[in-house]
Amino acid sequence: MKAPKDQHFLIDTDAVDFIADSIPVEGRNVLEIGPGGGVLTAALLERGANVRAVELDGTLLPNLERRFKDELSTGQLTITRGDASRVPLPEFDLVIANLPYSISSKITFRLLETGFEAAVLMYQWEFAKRMVAPPGDGEYGRLSVMVQTYADVELILELPPKAFNPPPEVDSAVVKILPHEPPIKILNREAHEILVRELFSHRRKTIQNGLKGMKSIYGEEIMASLINGLPKELLGKRPEMLSVTEFIELANLLANHIQ
Ligand code: SAM
């Protein structure tokens, strides 16, 4: 198998400790995606975590198996070889990982769908900023809404390229994710996802024009009837002004129209 990209190993030991100490891990099952050389794995094991690692690159396994021989024999550590965005995941309560950036989006939504108590994950700085951006912020978009609908997110650490070996081309950031139920019930998750995607695919358009553009998906009649029932003030806004709750309210109205 070709060696995967995304191999930037964390060498800033203060950052390793900060990440490992950012949530209590003792006695908990912690999923670690991409243990690499095992720097974070070691810190988590030292703090009493049961680490469930998933690593794509088989060439890294002999080193990990040597380094963590004892923990592997007691079961405190297990290592699954495979692509964390696709393989069946081991059981876990928490996720702590210096993620491979190429699967940031896919793995984040997979984890949110699977469910967990808390996660501390490293992302590209730009991606992390979009995840945590509030309404009205230039970075607020589809990713912000879809993540913040299902979790509280907080950027807890920024790291420059020199914290890694080899250094990546971009800055990185660590985000703490605490999942929660959506602020109000989502009647139709698919309709909610489509609405958020479509409105942000033309972020300069007003909500009215964005909704009109969705006639190719739901038909002209349905969209016209939805628009007719909405307040003018909302129709004149741009998608970046709508809160997570307002997106759900709008999606629920759409869901009622397409029933
Ligand atoms: N955790 C180590 C550290 O902090 O130094 C390594 C982090 S490195 C950014 C990402 C790791 O994820 C590498 O070990 C890489 O082989 C692994 N990886 C890449 N794609 C993966 C995937 N799809 N599933 C699981 N691991 C993956």
Side-chain angles (χ1 to χ4, degrees), residues 103-119 121 123-156 158 173-259:
I103 60 164
S104 294
S105 181
K106 216 167 160 188
I107 196 71
T108 302
F109 287 107
R110 181 173 193 202
L111 294 172
L112 284 170
E113 218 160 273
T114 309
F116 55 90
E117 281 175 37
L121 301 175
Y123 295 98
Q124 277 186 10
W125 166 241
E126 291 299 323
F127 189 91
K129 252 188 356 193
R130 287 195 284 127
M131 274 179 86
V132 305
D137 187 297
E139 302 288 336
Y140 183 70
R142 182 182 172 197
L143 178 68
S144 335
V145 174
M146 292 312 295
V147 170
Q148 292 171 31
T149 296
Y150 298 102
D152 283 331
V153 279
E154 187 192 355
L155 202 152
I156 57 171
E158 294 173 39
V174 178
V175 176
K176 188 188 267 193
I177 304 176
L178 299 174
H180 56 56
E181 286 299 314
I184 52 175
K185 189 171 159 44
I186 300 177
L187 299 180
N188 178 333
R189 287 191 177 214
E190 193 193 3
H192 174 256
E193 244 184 88
I194 291 175
L195 179 86
V196 174
R197 182 191 72 206
E198 289 302 309
L199 292 185
F200 278 114
S201 69
H202 307 284
R203 57 183 302 137
R204 304 306 305 157
K205 280 191 185 172
T206 60
I207 298 298
Q208 176 158 8
N209 288 335
L211 291 174
K212 273 189 194 159
M214 288 172 66
K215 68 179 182 211
S216 56
I217 303 171
Y218 295 115
E220 197 159 353
E221 212 175 304
I222 284 181
M223 295 319 293
S225 151
L226 173 66
I227 290 169
N228 281 339
L230 293 172
K232 276 212 165 57
E233 198 210 332
L234 174 68
L235 290 170
K237 284 187 180 174
R238 296 231 162 85
E240 70 219 40
M241 300 312 296
L242 260 54
S243 68
V244 163
T245 304
E246 286 174 311
F247 270 106
I248 302 175
E249 286 168 347
L250 192 51
N252 284 351
L253 291 173
L254 172 63
N256 288 332
H257 277 76
I258 58 178
Q259 258 176 7

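In this chain, residues are counted from 1 in sequence order.
When all heavy atoms of Leu199 and Leu211 are compared, the closest pair comes out as CD2-N, 3.8 Å. Nearest heavy atom pair, residue His180 against residue Ala151, reads NE2-C, 3.2 Å. Here the closest non-hydrogen pair linking Asn188 and Ala255 is CB-CB, 3.7 Å. Pairing each heavy atom of Leu250 with each of Leu242, the nearest pair is CD2-CD2, 4.1 Å. Closest of all the heavy-atom pairs between Phe109 and Val147 is CZ-CG2, 3.8 Å. Of all heavy-atom pairs spanning Asn209 and Lys205, the tightest one is CB-CD, 4.0 Å.
Counting only residues at least two apart or on different chains, the salt bridge (Lys or Arg N to Asp or Glu O under 4.0 Å) pairs with a member in residues 235-259 are Arg203-Glu240, Arg204-Glu240, Lys237-Glu246. The list of side chain to side chain donor-acceptor pair (under 3.5 Å) pairs with a residue in residues 216-230, not counting sequence neighbours, reads Ser225-His257.
Distance check: Asn256 CG to Ile222 CD1 gives 11.5 Å after rounding to the nearest 0.5 Å. Once rounded to the nearest 0.5 Å, the distance linking CZ of Arg130 with CD of Gln124 reads 9.0 Å. One distance of note links OG of Ser105 with CE of Met146; it measures 10.0 Å at 0.5 Å rounding. Distance check: Met223 CE to Gln208 CD gives 11.0 Å after rounding to the nearest 0.5 Å. The distance from atom CD1 of Ile186 to atom CZ of Arg189, rounded to the nearest 0.5 Å, is 5.5 Å. For the atom pair CG of Leu254 and CD of Glu190, the computed distance is 10.5 Å after rounding to the nearest 0.5 Å.
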Working for side-chain contact (heavy atoms from CB on, under 4.5 Å), residues Val153 and Ile177
CA-CA 5 Å; Val153 279; Ile177 304 176; 3.9 Å; yes
- Determine, step by step, whether Thr149 and His192 satisfy the side-chain contact (heavy atoms from CB on, under 4.5 Å) criterion, reporting the C-alpha distance in whole Å, the side-chain angles of both residues, the deciding distance to 0.1 Å, and the verdict. CA-CA 10 Å; Thr149 296; His192 174 256; 3.8 Å; yes
Step by step, would you call Phe127 with Leu143 a side-chain contact (heavy atoms from CB on, under 4.5 Å)?
-> CA-CA 9 Å; Phe127 189 91; Leu143 178 68; 3.8 Å; yes
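Residue Ile248 is tested with Ile184, Leu253, Leu195, Val145 for a side chain to side chain contact (heavy atoms under 4.5 Å, CB included); the sole match is Ile184.
Inter-residue side-chain proximity for Val132 and Ser144 is flagged as unmet; no heavy-atom pair is nearer than 4.5 Å. Inter-residue side-chain proximity for Ile194 and Met214 is flagged as met; some heavy-atom pair is nearer than 4.5 Å.
Side chain of Asp152 to backbone of Leu178: no donor-acceptor contact under 3.5 angstrom is found. Between the side chain of Gln148 and the backbone N or O of Ala133, at least one donor-acceptor pair lies under 3.5 Å.
Between Tyr140 and Phe247, the angle of the ring planes lies from 30° to 60°, which puts this pair in the tilted group.
Applying the side chain to side chain donor-acceptor pair (under 3.5 Å) criterion to Tyr123, with sequence neighbours excluded, gives Thr108.
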